[in-house]
J.: 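Dumping the structure here so I can ask a few things about it.
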Amino acid sequence: LTIHAPLQELTKAGIISRGLALGVDYGATSTCYDPLSTGLPCGSCDACILRRRAFVELGSTDPLVYP
């Protein structure tokens with residue numbers, strides 16, 4: 001049995017960078033642990049903070065709208 005987990009060793013910025021290179025539409029994704037009732041990400045949970053920080057680290061803009 002072999003388990004492949006290619007993203008396990010990457011930082012959040014590394015994962016986003018790889019996704020951007022592959023053409024992932026990050027406007028259609030969310031990593032939020034506690035989204036608002038409207039479906040928008042909360043912007044303050046650990047997942048939102050790490051995602052936003054990763055986009056900044058890459059010099060890119062997160063396409064999601066945060067409150």
Side-chain angles (χ1 to χ4, degrees):
L1 176 66
T2 302
I3 297 173
H4 296 278
L7 304 180
Q8 185 174 3
E9 300 300 320
L10 295 176
T11 63
K12 182 62 85 174
I15 293 168
I16 291 173
S17 177
R18 179 153 313 167
L20 290 171
L22 293 170
V24 170
D25 176 5
Y26 280 107
T29 70
S30 177
T31 57
C32 185
Y33 295 148
D34 190 23
L36 305 177
S37 60
T38 60
L40 293 175
C42 73
S44 58
C45 70
D46 286 345
C48 284
I49 292 168
L50 288 172
R51 176 183 167 124
R52 294 171 83 178
R53 188 178 298 151
F55 273 99
V56 168
E57 207 175 297
L58 293 170
S60 190
T61 303
D62 188 344
L64 287 184
V65 175
Y66 294 90

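Quick note: numbers below take in every heavy atom, side chains included, and nothing from hydrogens, waters or symmetry partners.
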J.: How far does CD1 of I49 sit from SG of C42, to the nearest 0.5 angstrom?
T.: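 I49 atom CD1 to C42 atom SG measures 8.0 Å (nearest 0.5 Å).
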J.: What heavy-atom pair brings P67 and P41 nearest, and what distance separates the two atoms?
T.: CD-O, 3.1 Å
J.: Nearest 0.5 Å please: distance from the OG atom of S44 over to the CG atom of D34.
T.: 7.5 Å
J.: Does the side chain of R51 come within less than 4.5 Å of T29's, by heavy atoms?
T.: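 In contact.
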J.: Hey, quick one: are V24 and L20 part of the same hydrophobic cluster, counting side-chain heavy atoms closer than 4.5 Å, chains of contacts allowed?
T.: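 Yes; L20 is reachable from V24 via cluster members.
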J.: Please list, one pair per line, the donor and acceptor atoms closer than 3.5 Å that link side chains of residues 10-17 to other protein atoms, with sequence neighbours excluded.
T.:
residue: T11; atom: OG1; partner: A13; partner atom: N; Å: 3.4
residue: T11; atom: OG1; partner: G14; partner atom: N; Å: 3.0

J.: Give a yes or no on whether Y66 atom OH has more than 12 heavy-atom contacts from other residues, nucleotides or ligands under 6.0 Å away.
T.: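 Check passes, neighbour count above 12.
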J.: Rounded to the nearest 0.5 Å, how far apart are CG of L50 and CZ of R52?
T.: 12.0 Å
J.: Under a single-linkage definition using a 4.5 Å side-chain heavy-atom cutoff for Ile, Leu, Val, Met, Phe, Trp and Tyr, are L22 and Y26 assigned to the same hydrophobic cluster?
T.: no
